[in-house]
Amino acid sequence: MNEMENKIQSIGVVPVIKLNHPERDAIPLAKALIAGGVPVAEVTFRAAGAAIAIKAMRENFPEMLVGAGTVLTTAQVDEAMAAGAQFIVTPGMDPEIVAYCQKVGIQIFPGCTTPTDYHTAYKFGLEVLKFFPAEQSGGIAKIKAMSAPFPMFKVMPTGGISLKNLADYVKNPVITACGGSYMVTADLIDNGKWDEITELCKKSVEIVKEARNG
């Protein structure tokens, strides 16, 4: 794995963020994540203004890893990169977007859940895949089964991850980190519950450490 992938693995969780008011919330949210020991964010393009949030986080917190999620087009790749995004996450395996990201030199984590997805990723020389939606696609049992024919991949499951099942995922060596929105829900963000976000991040980091060391 490269330096960025190793840093994500060392953190263990990746908040998947939808910001309805990026001008207001991006900076205090980034502060809350960093205070909780989670200096990484996947800002999704499901909400308008994702690029605004990415730019604000990158400019104010250079120590933070900030990427763009739910990227569906190469135009969004360009928009994310112009804002300073350091990685791209797609919900599915889109060969066109993967090839484009490799061409322009930005890390991509495509969503993969089937043998066909994995095989396509293998042909592109990828090392870390997003497994989405994780719980709905078979969870850790399917991830283990998929790693038998494809042992070269590390996986970032996202979808249905919470404090309750985080340990079940991260204790498996094939898991590099888990994506989740449980620590950055709309209620927490829209109501400015920054301290709660920090505490959820701290709990997540503790769970990751205990699961991996146990």
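- For the pair Gln102 and Leu126, the minimum side-chain heavy-atom distance is below 4.5 Å.
- For Lys18 (side chain) and Ala50 (main-chain N/O), no donor-acceptor pair under 3.5 Å exists by modelled atom type.
- For the pair Gln86 (side chain) and Val66 (backbone), a donor-acceptor distance under 3.5 Å is present.
- Just one residue in the list Val77, Thr74, Thr90 forms a side chain to side chain contact (heavy atoms under 4.5 Å, CB included) with Cys101, and that residue is Val77.
- A heavy-atom distance below 4.5 Å is not found between the side chains of Ile161 and Val13.
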Next item on the list: Take Ile143 and Phe153, measure what side-chain contact (heavy atoms from CB on, under 4.5 Å) needs, and give me the verdict at the end.
Entry: CA-CA 10 Å; Ile143 291 172; Phe153 292 122; over 6 Å; no
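- For the atom pair Lys7 NZ and Met64 CE, the distance stands at 9.5 Å (nearest 0.5 Å).
- Panel note: side chain Lys142, backbone Thr113; a donor-acceptor pair is recorded below 3.5 Å.
- Residue Tyr182 is not grouped with residue Phe132 when hydrophobic side chains (ILVMFWY) are merged at heavy-atom distances under 4.5 angstrom, including chains of intermediate members.
- Although no hydrogens or angles enter the test, the distance criterion places a donor-acceptor pair under 3.5 Å between the side chain of Asn165 and the main chain of Gly160.
- Here the straight-line distance linking atom CD1 of Ile17 with atom CD1 of Ile189 works out to 6.0 Å at 0.5 Å rounding.
- At least one side-chain heavy atom of Glu5 sits less than 4.5 Å from a side-chain heavy atom of Asn2.
- Leu65 places none of its side-chain heavy atoms less than 4.5 Å from the side chain of Val14.
- Among pairs with a residue in residues 91-106, none fulfils salt bridge (Lys or Arg N to Asp or Glu O under 4.0 Å), at least two apart in sequence or across chains.
- Taking 4.5 Å as the limit, every side-chain heavy atom of Ile140 sits out of range of all side-chain heavy atoms of Phe131.
- For residues 41-79, no pair satisfies ring-ring contact (aromatic ring centres under 6.0 Å, His included), with sequence neighbours left out.
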Margin query: Please determine whether side-chain contact (heavy atoms from CB on, under 4.5 Å) holds for the pair Asp195 and Glu199, giving the CA-CA distance in whole Å, both sets of side-chain angles, and the decisive distance to 0.1 Å.
Written below: CA-CA 6 Å; Asp195 290 343; Glu199 287 306 309; 5.6 Å; no
Next item on the list: Applying side-chain contact (heavy atoms from CB on, under 4.5 Å), run through Val155 and Met146 and close with a yes or a no.
Entry: CA-CA 10 Å; Val155 178; Met146 294 285 284; over 6 Å; no
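- Contact check for Gln9 versus Val128: no side-chain heavy atoms found under the 4.5 Å cut-off.
- Hydrophobic clustering (side-chain heavy atoms under 4.5 Å, transitive across Ile, Leu, Val, Met, Phe, Trp, Tyr) groups Leu33 together with Val40.
- Looking at heavy atoms from C-beta onward, Ile97 lies out of side-chain contact with Gln76 at the 4.5 angstrom threshold.
- Taken to the nearest 0.5 Å, the OG1 atom of Thr114 stands 9.0 Å off from the CE atom of Met93.
- Note: Tyr118 and Phe150 have tilted aromatic rings, judged against thresholds of 30 and 60 degrees for the angle between ring planes.
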Notebook entry, point to check: Going through the checks in order, is the side-chain contact (heavy atoms from CB on, under 4.5 Å) test met by Leu200 and Leu188?
Noted result: CA-CA 11 Å; Leu200 286 167; Leu188 292 171; 3.6 Å; yes
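- Remark: Leu29 CG to Lys193 NZ distance equals 14.5 Å, nearest 0.5 Å.
- Across all their heavy atoms, Met183 and Ser204 have their closest contact at CE-OG, 4.4 Å.
- A pairwise comparison of heavy atoms in Gly36 and Val205 identifies O-CG2, 3.8 Å as the closest pair.
- With a 4.5 Å cut-off on side-chain heavy atoms, Ile106 and Ile108 do not count as touching.
- Taking SG from Cys112 and NE2 from His119, the interatomic distance works out to 12.5 Å, rounded to the nearest 0.5 Å.
- Residues passing the salt bridge (charged side-chain N to carboxylate O under 4.0 Å, His left out) test with Lys203, sequence neighbours excluded: none.
- Sorted by first and then second residue, the pairs that involve residues 65-103 and meet ring-ring contact (aromatic ring centres under 6.0 Å, His included), not counting sequence neighbours, are Phe87-Phe109.
- With sequence neighbours excluded, no residue satisfies salt bridge (charged side-chain N to carboxylate O under 4.0 Å, His left out) with Lys144.
- Within the 3.5 Å criterion, the main-chain N or O of Ser181 finds no donor-acceptor partner in the side chain of Thr185.
- For residues 28-44, the set of pairs meeting the salt bridge (Lys or Arg N to Asp or Glu O under 4.0 Å) definition, not counting sequence neighbours, comprises Glu42-Lys130.
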Next item on the list: Decide salt bridge (Lys or Arg N to Asp or Glu O under 4.0 Å) for Glu206 and Lys209; before the verdict, give the C-alpha distance in whole Å, the side-chain angles of both, and the deciding distance to 0.1 Å.
Entry: CA-CA 5 Å; Glu206 289 174 6; Lys209 288 181 179 178; over 6 Å; no
